[in-house]
Amino acid sequence: ALRTLLDETMFGAKPNWSFVINGGEPGLIATLKGLTAAQASRAPGPGRKPIVSHANHVLYGYELINRAVAGDAKAFAEADWDLAWKLENVTEAQWTDLLQRLETQGRKILALAETIPSGIDEIMLTGLFGSAAHNAYHLGAIRQVLRDLEGGA
């Protein structure tokens with residue numbers, strides 16, 4: 001169940017069934033891969049964050065999860081979530097690198113979900129399920145930013 005929810009929210013829903021997003025729709029990472037650096041860097045309005053900020057924030061969370069699972073007991077305790085939101089403009093090369101890192105870290109989390117390691121406690125397991133919800137939240141926010149940038153309602 002965990003792997004299914006993470007895979008759907010990261011990469012996309014199966015065409016004939018889904019749990020969080022509509023069947024056949026792309027997930028967070030798949031949606032981001034369809035954007036250019038210019039699109040990702042454009043803020044939808046004054047005081048609002050561009051898509052690249054959302055992507056960097058999610059990447060930061062994925063990296064923390066993977067560090068914690070690898071044994072870094074201070075990963076979340078020393079996290080600076082504000083720092084993760086500061087990235088607002090990227091070049092094409094930086095955007096490509098961010099997307100690759102996001103996919104690599106996401107796939108590591110998917111691999112964890114295949115066989116939950118014995119050292120994972122209830123808090124970490126709950127966090128992994130929460131990551132699927134977090135993906136879905138940011139996917140929705142990014143879709144709204146894209147509508148706003150296109151002038152839609």
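What's counted below: heavy atoms across the whole structure, side chains too, no hydrogens, waters or symmetry copies. The shown structure was predicted, so the numbers you read here are calculated from the model rather than taken from an experiment.
- Here the CZ atom belonging to R107 is positioned 14.0 Å from the CG atom belonging to L112, to the nearest 0.5 angstrom.
- Residues meeting the ring pair (Phe, Tyr, Trp, His ring centres under 6.0 Å) test with F129, sequence neighbours left out: none.
- Of the inter-residue distances, the one linking R42 atom CZ with E88 atom CD reads 14.5 Å to the nearest 0.5 angstrom.
- Minimum interatomic distance between E92 and T36 (heavy atoms only, all atoms of both residues): OE2-CB, 3.4 Å.
- The closest side-chain heavy-atom distance from R48 to V145 is below 4.5 Å.
- Here the closest non-hydrogen pair linking A55 and L98 is CB-CD2, 3.7 Å.
- Of the possible polar contacts, one joining the S41 side chain to the A37 backbone as a donor-acceptor pair under 3.5 Å is found.
- The minimum heavy-atom distance between L149 and A43, with the atom names listed, is CD2-O, 3.6 Å.
- Atom CD1 in I29 sits 4.0 Å away from atom CG in L102 (nearest 0.5 Å).
- Relative ring orientation between H54 and W85 is described as perpendicular, the plane-to-plane angle rising above 60° on a 0-90° scale split at 30° and 60°.
- Within a 6.0 Å sphere centred on NZ of K49, other residues, nucleotides and ligands contribute more than 12 heavy atoms.
- No donor-acceptor pair closer than 3.5 Å links the side chain of S18 to the backbone N or O of A13.
- Under a hydrophobic clustering in which Ile, Leu, Val, Met, Phe, Trp and Tyr are joined whenever their side-chain heavy atoms come within less than 4.5 Å, directly or via other members, L64 and Y137 fall into different clusters.
- Taken from CZ in F76 to CD1 in I123, the straight-line distance is 11.0 Å, to the nearest 0.5 Å.
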Show your working on side-chain contact (heavy atoms from CB on, under 4.5 Å) between W95 and Q100 and close with a plain yes or no.
CA-CA 9 Å; W95 181 237; Q100 183 190 357; over 6 Å; no
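- Remark: the Q94 side chain and the D97 side chain contain no N/O donor-acceptor pair separated by less than 3.5 Å.
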Could you walk me through whether R143 and D148 pass salt bridge (Lys or Arg N to Asp or Glu O under 4.0 Å), step by step?
CA-CA 9 Å; R143 287 177 178 177; D148 292 349; over 6 Å; no
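- Side-chain contact check for Q39 versus I51: every heavy-atom pair is 4.5 Å or farther apart.
- Between M10 and L28, the closest side-chain pair of non-hydrogen atoms is not below 4.5 Å.
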Could you go step by step and tell me if L32 and I142 meet the side-chain contact (heavy atoms from CB on, under 4.5 Å) rule?
CA-CA 9 Å; L32 293 172; I142 288 165; 3.8 Å; yes
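- Contacts classified as side-chain hydrogen bond (donor to acceptor under 3.5 Å, both in side chains) and involving residues 63-81 (residues at least two apart or in different chains) are given here: E63-R101, N66-Q105, R67-D72.
- A continuous path of Ile, Leu, Val, Met, Phe, Trp and Tyr side chains, each step under 4.5 Å between heavy atoms, connects W17 with L6, placing both in one hydrophobic cluster.
- With rounding to the nearest 0.5 Å, the separation of CG in L128 from CG in L110 is 10.5 Å.
- Within the 4.5 Å cutoff, the side chain of N135 has heavy atoms near those of the Y62 side chain.
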Please test K14 against E8 for side-chain contact (heavy atoms from CB on, under 4.5 Å), starting from the C-alpha separation and ending with a verdict.
CA-CA 7 Å; K14 303 291 184 239; E8 180 177 317; over 6 Å; no
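- Sorted by first then second residue, the salt bridge (Lys or Arg N to Asp or Glu O under 4.0 Å) pairs that include residues 108-131, not counting sequence neighbours, are R3-E114.
- Taking CG from L146 and OG1 from T31, the interatomic distance works out to 8.0 Å, rounded to the nearest 0.5 Å.
- Side-chain contact between L139 and T9 is absent, with no heavy atoms from C-beta onward closer than 4.5 Å.
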